[in-house]
Protein chains: 2
Amino acid sequence: MSRAADHAYAEIRSLILSGEASPGSPLTEEQLAQLCSVSRTPVRDALRRLEVELYVVRSDSQRVFVADWSREDVDEMFTLRGMLEAHAAARAAKRFDAADLHALRRCNAAIEEAVRHPQPDIAGFLDANRDFHRIIVEIARSPRLAATLATLVEQPVVRRTAMRYGREQLAQSVQEHRELIQAFEARDADWAHGVMTGHIRRAFHAFSSHAA
Amino acid sequence: MSRAADHAYAEIRSLILSGEASPGSPLTEEQLAQLCSVSRTPVRDALRRLEVELYVVRSDSQRVFVADWSREDVDEMFTLRGMLEAHAAARAAKRFDAADLHALRRCNAAIEEAVRHPQPDIAGFLDANRDFHRIIVEIARSPRLAATLATLVEQPVVRRTAMRYGREQLAQSVQEHRELIQAFEARDADWAHGVMTGHIRRAFHAFSSHAA
DNA sequence: CGAGAACCATTTGTATACAATACCGTCATA
DNA sequence: TATGACGGTATTGTATACAAATGGTTCTCG
């Protein structure tokens with residue numbers, strides 16, 4: 001994917017993440033093309049990617065809409081994510097090297113930093129948190145697993161809801177990451193598996209309790 | 001996706017499945033367009049779909065090649081598949097209705113039929129087997145799970161290798177499906193989970209022992 | 001003889017025009 | 001009033017021309 005298509009992808013994606021394009025609203029190729037100052041061709045490519053990543057859905061007649069996640073959808077997503085990320089964590093606990101561990105620590109420090117202030121920087125938290133989880137998946141060295149998870153992790157609904165998280169939930173998250181790192185240091189795959197399972201489950205509960 | 005793009009998709013896919021286009025060989029849009037008697041536009045759409053479904057891979061410079069599966073790739077695929085299908089089986093065991101059960105029985109009968117003859121109809125086995133697993137995933141009512149599994153199940157490498165399976169392996173498979181149906185009748189999610197886990201693991205071993 | 005640069009051929013990316021299809025409001029009719 | 005057919009409009013699908021980029025080959029120079 002090259003310049004114009006990448007640009008269109010990023011632009012449309014942020015349109016959705018920011019909430020400017022609300023869930024369920026239709027997206028037409030022409031309109032997006034004008035918005036991005038490109039032709040319909042790269043827009044079509046971008047929409048295909050966004051479709052795979054579940055940002056948008058296609059109707060039977062090929063019209064594209066901003067994805068609208070039901071409670072069941074979110075539930076399903078967290079369930080799959082828990083299963084797959086726990087597996088990733090178990091694999092990673094057996095495969096990481098010193099540099100990986102260092103990267104994880106640095107990343108968790110960044111998360112902590114974002115949470116510390118009286119007014120937590122939740123966007124910063126979400127970005128660093130995403131990185132943390134991504135690093136673990138990277139360490140697991142399982143490209144298909146990584147590809148699958150990539151389509152599940154950064155969901156607009158979840159992200160928007162997370163904006164309402166309280167300090168305790170954020171701090172709790174940091175703590176769980178710490179335990180995960182401990183499990184890594186012990187090279188204990190089962191421990192890592194369990195911690196990650198609980199971590200994702202609690203994230204789901206946090207989501208549920210903050211959802212509108 | 002409409003006529004031309006669908007046609008291109010089907011044609012390219014069968015080109016790969018039949019082995020006419022061998023793993024690692026390059027595919028160019030123009031050449032495929034001529035083969036399918038369409039323009040490059042629908043070919044591009046088809047290639048995107050085939051990329052998501054792991055039939056083809058893209059190099060850094062966006063060139064497309066028939067996917068070439070290493071032993072690790074196959075291993076990873078079976079691992080993920082085992083995890084996800086076991087989950088699907090557990091869910092399905094709690095959700096199926098009478099019609100679902102009937103469909104599963106019919107499907108397993110078809111598998112049995114394909115295996116019975118002195119010269120087993122392995123292509124027939126593979127098709128019916130795919131249907132059996134697909135029905136279970138359907139019953140689980142988890143669209144993202146279904147979408148993920150769809151990208152993992154029908155792999156050319158596996159299919160070609162399965163062509164060398166012996167009678168015992170095929171018969172064993174029928175038997176395991178029977179036990180799965182029993183677990184369903186008992187509405188025992190854990191049992192179904194365990195049977196499916198073992199079923200996929202043994203399928204992997206069968207693959208490994210027949211792989212060139 | 002080897003390394004590197006310049007060139008040409010091949011391939012993918014993008015824009016655009018036109019065709020096909022789907023959606024939606026209108027109108028006729030029961 | 002409900003329903004169904006019709007037609008205009010909006011939207012997506014396809015083909016094609018051209019631009020950009022990539023890869024390989026050859027030629028030159030050290």
Side-chain angles (χ1 to χ4, degrees), chain A residues 1-16 19-68 143 147 150-151 156, chain B residues 1-16 20-68 143 147 150-151:
Chain A
M1 207 87 50
S2 54
R3 257 189 351 278
D6 275 337
H7 172 243
Y9 170 83
E11 192 120 349
I12 299 168
R13 185 171 171 281
S14 89
L15 200 72
I16 296 172
E20 264 178 278
S22 54
S25 62
L27 299 173
T28 73
E29 297 177 356
E30 184 58 36
Q31 151 204 343
L32 294 172
Q34 286 179 9
L35 178 73
C36 303
S37 311
V38 297
S39 78
R40 277 176 52 212
T41 311
V43 168
R44 286 172 67 86
D45 278 359
L47 286 176
R48 293 229 178 280
R49 278 172 69 185
L50 291 163
E51 186 188 356
V52 171
E53 296 168 8
L54 306 178
Y55 283 92
V56 303
V57 296
R58 237 170 242 276
S59 74
D60 299 336
S61 57
Q62 301 298 106
R63 276 185 151 73
V64 174
F65 301 84
V66 179
D68 191 4
T151 73
Chain B
M1 206 87 51
S2 56
R3 261 192 345 280
D6 275 337
H7 172 244
Y9 170 81
E11 192 121 347
I12 299 169
R13 185 172 171 280
S14 89
L15 200 73
I16 295 172
E20 265 178 276
S22 54
S25 62
L27 298 173
T28 73
E29 296 176 355
E30 183 58 37
Q31 151 204 341
L32 294 171
Q34 286 178 10
L35 178 73
C36 303
S37 309
V38 296
S39 79
R40 277 176 53 211
T41 311
V43 168
R44 284 172 69 86
D45 278 359
L47 286 177
R48 293 230 179 279
R49 280 171 66 185
L50 291 163
E51 186 187 356
V52 171
E53 295 169 7
L54 306 179
Y55 282 91
V56 304
V57 296
R58 238 171 242 276
S59 74
D60 298 336
S61 58
Q62 298 300 103
R63 280 188 155 67
V64 173
F65 300 85
V66 179
D68 191 4
T151 73

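Chain letters run A, B, ... following the sequence lines, proteins first, then strands; residues in each count from 1. Since the model is a prediction, treat every value here as computed from it, not as a measurement.
When the C1' atom of D:dA15 is taken as reference, atom CZ of B:Arg3 falls 14 Å away, rounded to whole Å. The CG atom of A:Asp45 sits 13 Å away from the P atom of D:dG13 (whole-angstrom rounding). Taking atom CZ on B:Arg49 and atom P on D:dG13, their separation rounds to 12 Å, with Å as the unit. Per the geometry, CZ belonging to A:Phe65 stands 9 Å off P belonging to D:dT12, to the nearest Å. Rounded to an integer number of Å, the gap from B:Arg40 CZ to D:dT16 P is 12 Å. Following rounding to the nearest Å, A:Leu47 (CG) and D:dT12 (P) show an atom-to-atom distance of 8 Å. Atom pair A:Leu32:CG and D:dT11:C1' shows a separation of 12 Å (rounding to whole Å applied). Regarding A:Glu29, its CD atom lies at a distance of 14 Å from the C1' atom of C:dA22, rounded to whole Å.
Counting heavy atoms from C-beta on, the side chains of A:Leu32 and A:Leu15 come closer than 4.5 Å. Here the side chains of B:Asp45 and A:Arg48 are in contact, with some heavy-atom distance below 4.5 Å.
For B:Arg44 and C:dT14, the shortest distance from a side-chain N or O to OP1 or OP2 is not below 4.0 Å. The shortest distance between the side-chain N/O atoms of A:Gln62 and the OP1/OP2 oxygens of D:dG13 is below 4.0 Å. For C:dC23, one of the phosphate oxygens OP1 or OP2 lies less than 4.0 angstrom from a side-chain nitrogen or oxygen of A:Ser61.
B:Ile12 and B:Cys36 make their closest contact through CG1-SG, 4.4 Å (heavy atoms, listed as atom of the first residue, atom of the second, distance).
Nucleic acid contact for A:Arg63: sugar-phosphate only, since backbone atoms but no base atoms lie under 4.0 Å from a heavy atom of the residue. Heavy atoms of B:Leu27 sit under 4.0 angstrom from primed sugar atoms or phosphate atoms, though from no base atom. Counting non-hydrogen atoms under 4.0 angstrom, B:Thr41 reaches a base of the nucleic acid.
Here the side chain of B:Ser14 pairs a donor or acceptor atom with the backbone of B:Glu11 at under 3.5 angstrom.
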Worked check of salt bridge (Lys or Arg N to Asp or Glu O under 4.0 Å) between B:Asp6 and B:Arg49: CA-CA 10 Å; B:Asp6 275 337; B:Arg49 280 171 66 185; 3.0 Å; yes
